[in-house]
Trainee: 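Got a structure here, written out as structure tokens. Questions coming.
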Amino acid sequence: AQKITQTQPGMFVQEKEAVTLDCTYDTSDPSYGLFWYKQPSSGEMIFLIYQGSYDQQNATEGRYSLNFQKARKSANLVISASQLGDSAMYFCAMRYTGNQFYFGTGTSLTVIP
Amino acid sequence: SAVISQKPSRDICQRGTSLTIQCQVDSQVTMMFWYRQQPGQSLTLIATANQGSEATYESGFVIDKFPISRPNLTFSTLTVSNMSPEDSSIYLCSVGDRGLQNIQYFGAGTRLSVL
């Protein structure tokens, strides 16, 4: 069975500091995709970053980077230079065969001024 | 990325009534998805809506409770039928990107409260 685990229910970070949100996954499929989404209090799900299982390099998108360690089955999100607007829920998700997405339980990030 | 319009954005409904949520995409897409997010929980896939065929429901979700329509490649509706307070959730539609990454993009969600 496919599974995504986010072990940090809540995280705090000082403004302008970097923060790492943890995500581990479990799948026997060789081909899969890993995603991070941000959900502000408004409820919308905002796509942040993608990492394919065959990608050799870690994905980066602006202040977001994905620390992909395939052997350890981890796909941690790193947010650099945190801003107050980064306060939100963050969900890790995995796409596996058949375009099905499986979401983790989320991490609530609070940026402290 | 696709632009997805979902409405209503929120509603308060009485138990026993039904609510239809609409999802409009600015481009033609093959697959549309409907999710439920109960308070404080993660997203759970309700069903996959394919144009021209019956929706495919996940375990625990049935067509009588969550009928879905997909009349064309840019539009879908989800109805929450015979509502109870346990149906109070955020309902989100999403579409799959056509690219190799198959990113799912989401609408803004419908925040439903059932009294």
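Below, chains carry the letters A, B, ... as their sequence lines are ordered, and counting in each starts from 1.
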Trainee: Is it the backbone or the side chain of B/Leu92 that comes under 4.5 Å from a heavy atom of chain A, or both, or neither?
Mentor: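 Side chain only.
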
Trainee: Measure A/Ser42 against the heavy atoms of chain B and call it side chain, backbone, both or neither at under 4.5 Å.
Mentor: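 Backbone of A/Ser42 only, per the 4.5 Å heavy-atom cut-off to chain B.
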
Trainee: At a 4.5 Å cut-off on heavy atoms, which part of B/Gln104 comes close to chain A: side chain, backbone, both, or neither?
Mentor: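 Both backbone and side chain.
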
Trainee: Crowded around A/Lys70 NZ? As in, over 12 foreign heavy atoms under 6.0 Å?
Mentor: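 Atom NZ in A/Lys70 is crowded, with more than 12 foreign heavy atoms closer than 6.0 Å.
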
Trainee: Report the C-alpha distance between A/Phe47 and B/Phe106 in whole Å, list the side-chain angles of each, state the deciding distance to 0.1 Å, and finish with yes or no for ring pair (Phe, Tyr, Trp, His ring centres under 6.0 Å).
Mentor: CA-CA 8 Å; A/Phe47 165 72; B/Phe106 286 80; over 10 Å; no

Trainee: Tell me, side chain or backbone of A/Gln51 under 4.5 Å from chain B's heavy atoms, or both, or neither?
Mentor: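 The answer is neither part of A/Gln51.
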
Trainee: Can you tell me which portion of B/Gln6 sits under 4.5 Å from chain A's heavy atoms? Options are side chain, backbone, both or neither.
Mentor: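 The answer is neither part of B/Gln6.
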
Trainee: Other members of the hydrophobic cluster containing B/Tyr57, with the 4.5 Å side-chain heavy-atom rule, please.
Mentor: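 Direct or chained contacts put B/Tyr57 with B/Leu19, B/Ile21, B/Trp34, B/Ile46, B/Phe61, B/Ile63, B/Phe66, B/Ile68, B/Leu78, B/Val80, B/Met83, B/Tyr91, B/Leu112, B/Val114.
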
Trainee: Within the side chain of A/Thr27, is there an N or O that forms a donor-acceptor pair under 3.5 Å with the backbone of A/Asp29?
Mentor: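 Yes.
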
Trainee: For the residue pair A/Gln39 and B/Gln37, confirm or rule out a side-chain donor-acceptor distance under 3.5 Å.
Mentor: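 Yes - a donor-acceptor pair under 3.5 Å links their side chains.
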
Trainee: With only heavy atoms counted, which part of B/Leu43 is less than 4.5 Å from chain A, the side chain, the backbone, both or neither?
Mentor: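 Looking at B/Leu43, backbone and side chain both touch chain A.
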
